[in-house]
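Working notes for the structure below.
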Amino acid sequence: MKVLGISGSLRRDSYNAKLLREAARHAPDGVDFEIADRELLRQLPAFDQDGEDDPPAPVQELRRLVSSADAVLFVTPEYNHSIPGWLKNAVDWLSRPQAEAALKGKDVAVAGASRGAFGAVWSQAELRKTLGASGARVIDEELSVPSAHEAFTEEGELIDEELRQLLAAHVAGLAEAAGS
Ligand code: FNR
């Protein structure tokens, strides 16, 4: 079972990237958890429908990664109560061409961390909506990490034991959905 993790933040010291690494660490046995390379994600060009059948190399590589995974976990920050623009752009690339889109029928889950008190809840709701519109099978559960700047140890581990357990259950739920 292969799960691909995509961080919605391109920031070097991103809390969402930390959360994604924690998700990988707490993945259940039998799950091969791969994290999409930040440099690859930074290279994605703006979506252009003229190029959807023969897109630039970084898009082809991301489509290949998503297609070869059994499931995808998106971990996103909240930008102005929505998802980061580049992430919507990535979802658009992965939603086309419609008939053979990388996200079509793919089991996906979302999680989110933000400095605010709500843990990127609006962003997660928006991401789930747009992933559903792209043909993905989106699991209902979300996972929120509020006050993200206070949520991790120096080593990048989640401080809150309950959150760690919820994260492990979140990844396990995604793997189970993809395996059924
Ligand atoms: C933010 N931030 C933010 N936080 C939040 O809780 N709700 C919001 O709507 C926004 N909006 C927003 C817009 C933009 C453009 C930026 C750059 C930031 C703050 C955000 O939670 C914080 O920068 C996180 O650290 C972003 O996540 P990463 O990059 O650490 O993963």
Side-chain angles (χ1 to χ4, degrees), residues 3-27 31 33-47 58-59 61-62 65-66 69 71-95 103 106 108-134 136 138-174:
V3 175
L4 177 70
I6 295 179
S7 168
S9 172
L10 301 176
R11 194 170 74 85
R12 199 173 297 108
D13 296 322
S14 158
Y15 302 119
N16 285 277
K18 283 183 185 163
L19 184 58
L20 195 50
R21 289 194 288 273
E22 273 287 78
R25 273 195 287 272
H26 294 287
V31 168
F33 199 110
E34 182 184 357
I35 294 178
D37 183 43
R38 170 174 169 263
E39 288 308 319
L40 169 68
L41 303 178
R42 290 178 75 237
Q43 286 168 23
L44 291 181
F47 178 78
V59 176
E61 175 61 9
L62 184 62
L65 282 173
V66 170
V72 183
L73 175 63
F74 290 87
V75 181
T76 184
E78 187 163 282
Y79 282 177
N80 301 313
H81 295 187
S82 186
I83 63 176
W86 87 266
L87 182 58
K88 175 62 164 58
N89 182 59
V91 171
D92 289 342
W93 278 119
L94 294 168
S95 71
L103 281 172
K106 189 69 62 182
V108 301
V110 306
S114 79
R115 291 179 70 96
F118 301 108
V121 286
W122 291 296
S123 177
Q124 290 184 69
E126 295 232 337
L127 183 54
R128 290 177 59 243
K129 182 181 68 175
T130 200
L131 286 168
S134 307
V138 190
I139 70 168
D140 287 338
E141 288 75 20
E142 298 181 0
L143 182 115
S144 300
V145 177
S147 304
H149 52 300
E150 298 169 347
F152 298 91
T153 66
E154 288 277 302
E155 290 73 36
E157 289 171 352
L158 275 171
I159 292 169
D160 189 325
E161 170 63 25
E162 191 185 337
L163 256 185
R164 244 182 283 150
Q165 286 178 11
L166 285 172
L167 179 63
H170 199 50
V171 180
L174 174 61

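Just follow the structure's listing: the first ligand is 1, and inside any ligand the first atom is 1. One is the number of the first residue; the rest follow in order along the sequence.
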Worksheet entry | Nearest-option assignment for atom 10 (C) of ligand 1, heavy atoms, candidates Arg12, Glu78, Arg115, His149 | Glu78

Worksheet item: If we only count N/O pairs under 3.5 Å, is Asp13 in contact with ligand 1?
Response: no

Worksheet item: What is the closest protein heavy atom to atom 11 (N) of ligand 1, and at what distance does it sit?
Response: Asn80 N, 2.8 Å

Worksheet, complete the sentence: atom 9 (O) of ligand 1: closest protein heavy atom, distance to 0.1 Å, is His81 N, 2.8 Å

Worksheet item: Just heavy atoms, cut-off under 4.0 Å: does Ser9 contact ligand 1 by side chain, backbone, both, or neither?
Response: side chain

Worksheet, complete the sentence: Taking only non-hydrogen atoms of Asn16 and a 4.0 Å limit, the atoms of ligand 1 in range are 27 (O), 28 (P), 31 (O)

Discussion item. Can you confirm whether Glu162 is buried at CD, in the sense that more than 12 heavy atoms of other residues, nucleotides or ligands lie under 6.0 Å from that atom?
Written reply: no

Practice prompt. Go through the structure and list residues passing salt bridge (charged side-chain N to carboxylate O under 4.0 Å, His left out) with Glu78, not counting sequence neighbours.
Written response: none

Item to complete: Write out the residue and atom name of the closest protein heavy atom to atom 14 (C) of ligand 1, then the distance separating them to 0.1 Å.
Response: Tyr79 CD2, 3.6 Å

Discussion item. Is the ring pair Phe152/Tyr15 parallel, tilted or perpendicular, if the boundaries are 30 and 60 degrees?
Written reply: parallel

Worksheet item: Which atom names give the shortest non-hydrogen contact between Ser123 and Pro77, and what distance separates them?
Response: OG-O, 2.7 Å

Worksheet item: Which atoms of ligand 1 sit under 4.0 Å from any heavy atom of Pro77?
Response: 26 (C), 27 (O)

Fill in: For Gln124, all residues meeting side-chain hydrogen bond (donor to acceptor under 3.5 Å, both in side chains), sequence neighbours excluded
Ser144

Worksheet entry | Residue and atom name of the nearest protein heavy atom (relative to atom 30 (O) of ligand 1), distance in Å to one decimal | Arg11 NH2, 2.7 Å

Item to complete: Taking all heavy atoms of Ala23 and all of Leu167, pick out the closest pair and write down the distance.
Response: N-CD2, 3.5 Å

Worksheet, complete the sentence: Among non-hydrogen protein atoms, atom 6 (O) of ligand 1 lies closest to Ser114 OG, 3.1 Å

Fill in: Ligand-residue contact atoms, ligand 1 with Gly116, heavy atoms, under 4.0 Å
6 (O)

Discussion item. More than 12 heavy atoms of other residues, nucleotides or ligands under 6.0 Å from CZ of Phe118: yes or no?
Written reply: no

Worksheet item: Are side-chain N/O atoms of Glu39 and Gln43 paired as donor and acceptor at under 3.5 Å?
Response: no

